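Before any comments, here is the structure.
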Amino acid sequence: MEKTFNYYLKLIIMKKLFLAFSLVILMTSLLKGQDYDNSFGIRLGWTQGLTIKHFFSERTAVEGILATRWKGFDLTGLFEIHDEAFEVDRLRWYFGFGGHIGFWNGENTPWGDHGENYTVIGIDGILGIEFTFLAIPINIGLDWKPMFNLSGYSGFWADGGALSLRYTF
């Protein structure tokens, strides 16, 4: 399969956006968060990828997700509100919203046309629960992240659930 110039250009742009986002998160790590200030880890579900989260206050955080599916990838940014769950120490539920941009070749998707490249842009929601261990710097979370594509390939995708395992610092 021959890669096009646009494909490589999009890949370079996404790498630079991910690096810039990561640097912003690391530079703001001096702000106080909840059980942890920052976390970085893996996300496993229908999509697999990396997740990075930063708390601005005890309840508010931003999360970035770089995920892959159907031999393509997408980048998601979310704003989240966290609160204690079931009066259990270090167990927190959260909800939020954000947006995504993704890149796919239609040959590798169940919805695309053969030979077509797709750039999708849309909005996301998230609802989840996470637990942060006391003895080790590990956080585990389970969430549902539905999304609605506004352009490129429009439609509602409700299968965005995943299990995340993160290192906290």
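Everything quoted here is computed from the prediction, not taken from an experiment.
Every ring-ring contact (aromatic ring centres under 6.0 Å, His included) that W93 has, sequence neighbours left out, goes to F95.
The CD1 atom of I52 sits 11.0 Å away from atom CG of L66, with the distance rounded to the nearest 0.5 Å. In this structure, R59 CZ and E80 CD are separated by 13.0 Å, a value rounded to the nearest 0.5 Å. To the nearest 0.5 angstrom, L150 atom CG is 6.0 Å from F148 atom CZ. Interatomic distance, CG of L44 versus OG of S164, reported as 7.5 Å (0.5 Å rounding). Rounded to the nearest 0.5 angstrom, F86 CZ and L91 CG are separated by 7.0 Å. Rounding to the nearest 0.5 Å places OG of S57 at 7.5 Å from CD1 of I81.
For the pair T51 and I42, the tightest heavy-atom approach, listed with the atom from each and the gap, is CG2-O, 3.9 Å. When all heavy atoms of I65 and L78 are compared, the closest pair comes out as CD1-CD1, 4.0 Å. Contact between D143 and G160 at its shortest, heavy atoms only, is OD1-O, 3.9 Å.
Aromatic pair F73/F103: centroids less than 6.0 angstrom apart.
A donor-acceptor pair under 3.5 Å links the side-chain atoms of R90 to the main chain of T132, judged by distance alone.
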Which donor-acceptor pairs under 3.5 Å do side chains of residues 115-128 form with protein atoms, sequence neighbours excluded?
{"residue": "N117", "atom": "OD1", "partner": "N105", "partner atom": "ND2", "Å": "3.2"}
{"residue": "Y118", "atom": "OH", "partner": "D113", "partner atom": "N", "Å": "2.9"}
{"residue": "T119", "atom": "OG1", "partner": "K10", "partner atom": "NZ", "Å": "2.7"}
{"residue": "D124", "atom": "OD1", "partner": "H100", "partner atom": "N", "Å": "3.3"}
{"residue": "D124", "atom": "OD1", "partner": "H100", "partner atom": "ND1", "Å": "2.6"}
{"residue": "D124", "atom": "OD2", "partner": "K145", "partner atom": "NZ", "Å": "2.8"}

Pair R69-D74, salt bridge (Lys or Arg N to Asp or Glu O under 4.0 Å): steps then yes or no: CA-CA 8 Å; R69 184 179 190 181; D74 66 81; over 6 Å; no
Apply salt bridge (Lys or Arg N to Asp or Glu O under 4.0 Å) to residues K53 and E130 and explain how you reach the verdict. CA-CA 12 Å; K53 188 181 284 196; E130 65 179 23; 3.1 Å; yes
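Under the 4.5 Å side-chain heavy-atom criterion for grouping Ile, Leu, Val, Met, Phe, Trp and Tyr, F131 is connected to I136 within one hydrophobic cluster. L163 and F133 fall within the same hydrophobic cluster, defined by Ile, Leu, Val, Met, Phe, Trp and Tyr side-chain heavy atoms under 4.5 Å apart, directly or through other members. Taking hydrophobic clusters as Ile, Leu, Val, Met, Phe, Trp and Tyr residues chained together by side-chain heavy-atom distances below 4.5 Å, W70 shares a cluster with Y153.
Within a 6.0 Å sphere centred on CZ of F156, other residues, nucleotides and ligands contribute more than 12 heavy atoms.
Under the 4.0 Å criterion applied to side-chain N and carboxylate O atoms, R166 and E63 are assigned as salt-bridge partners.
The aromatic rings of Y167 and F169 lie parallel to each other, with less than 30° between the two planes, well short of the 60° mark. Between F79 and F97, the ring planes lie tilted relative to each other; the angle falls in the 30° to 60° range.
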